[in-house]
Amino acid sequence: MENHEEFVYEFGDDNSTESGSGLLEVYLAEPCDRTHNTGFQKIFLPTIYGMIFALGAVGNGLVVTVMGYQKKSRTMTDKYRLHLSVADLLFVLTLPFWAVDSVSSWYFGSFLCVAVHMIYTVNLYSSVLILAFISLDRYLAVVRATNSQAPRRLLAERVIYVGVWLPAALLTVPDLVFAKARDVGSRTVCERIYPHGSSSIWRAIFNFQHIFVGFVIPGLIILTCYCIIISRLSQGSKGQLKRRALKTTVILILCFFSCWLPYCTGIFVDTLAMLNVIPYSCTLEQSLVTWITITEALAYFHCCLNPILYAFLGVKFKKSARSTFTTSQSSGKKMLAKKRAGLSSISTESESSSFHSS
């Protein structure tokens, strides 16, 4: 997991490490007090992860439930919402493991260490890439409205698997190779352990991969598509629907970049320090650990916003949700009525046989 542990540098008794940021040689010249950051993380991370887990599980679970009931009337936009909510739901299900790990130790063994890393990675990348596909779909629907049905259907039903889930799955290979549970002092940690002597190079590669695939590519697609949409919606008469669409589009852009830009900026600066591009200092290390810990939680919070931004704000989804719960309640009442009717008939037969036998 690309989490706070990669920015807290662990040292063994022989002053050597196979993980960490790769700044060991520089860090030894200026050792830092890390007890403050560790104490902060033990309180902050499980609290935030617990909140994200609860909100994300409820919100995305509701979307998956509603979309599951609406199979026949599901539109192309609904298909994206379902993909997004499945990705976000699986992502938040890994957070309790990391919450326990941050406050105490990794108790779940090597197999779950690799599995949770892989689930975390595939759904982290797929969630962000799906947002890019949604922006492409909105672009085609608004800007290329007259002949957009065929390409939109192709994107939603075919290309999404090649453009989202396949690359996200391939990006889990490093987890399969490097993720391990190992004992460090009195606790067990679950993290990627890179080859000794080249850990900084490996970490820099995967940090840049995270920034490029998980932020730059989808961010550029989202920004370009929505800016074109805003330009198109701004032209001509401005009705209430257009104003609402403009406002929603701006909110989508601001939420994405507000959640992900601070975290990716922290990773970028940490990588530059790792490669000695910028000079190391104890103050920089402590600031980076705190910054990345906080902004990482902010980035993860985006999966709680997704159901609100891409589902709950839509009028159609609200109608679908009401229809779903109305249908489930009515079917539940019918089943209960049938059970009561069955019990009533059994009771009547029992009373009748008892009467005749007496």
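In what follows, every heavy atom counts, from backbone to side chain, and hydrogens, waters and symmetry copies are set aside. Counting begins at 1 with the first residue of the sequence.
- Between H302 and F256, the two ring planes are perpendicular [angle over 60°; tilted spans 30° to 60°].
- Classification of D101 and R187 as a salt-bridged pair holds, one side-chain N sitting under 4.0 Å from a carboxylate O.
- When atom types are taken as modelled, the side chain of W291 and the backbone of P262 share a donor-acceptor pair closer than 3.5 angstrom.
- Aromatic ring centroids of F91 and Y300 lie under 6.0 Å apart.
- Between the side chain of S258 and the backbone N or O of C255, no donor-acceptor pair lies under 3.5 Å.
- A ring-centre distance under 6.0 Å is found for H83 and Y161.
- At a threshold of 4.5 Å between non-hydrogen side-chain atoms, the residues Y107 and T188 do not count as touching.
- Judged purely by distance below 3.5 Å, without hydrogens or angles, the side chains of Q41 and S102 never pair a donor atom with an acceptor atom.
- Two residues are said to be in side-chain contact when any heavy atoms from C-beta on lie closer than 4.5 Å; I251 and L309 meet this criterion.
- Separation of atoms CD1 (I217) and CG (L129) is listed at 7.5 Å; rounding is to 0.5 Å.
- With ring centers used as reference points, H210 lies 6.0 Å or more from F215.
- In this structure, the ring of W202 has its center less than 6.0 angstrom from the ring center of F178.
- A salt bridge does not link K180 to E191: none of the charged nitrogens lies less than 4.0 Å from a carboxylate oxygen.
- Contact check for Y226 versus Y139: no side-chain heavy atoms found under the 4.5 Å cut-off.
- No donor-acceptor distance shorter than 3.5 angstrom exists from the side chain of T94 to the backbone of L90, with no hydrogens or angles considered.
- Figure legend: cation-pi geometry between R203 and Y194 absent, as NZ or CZ is not positioned both under 6.0 Å from the six-membered ring centre and within 45° of its axis.
- Of the possible donor and acceptor atoms, one in the side chain of S287 sits under 3.5 Å from a partner among the backbone N and O of T283.
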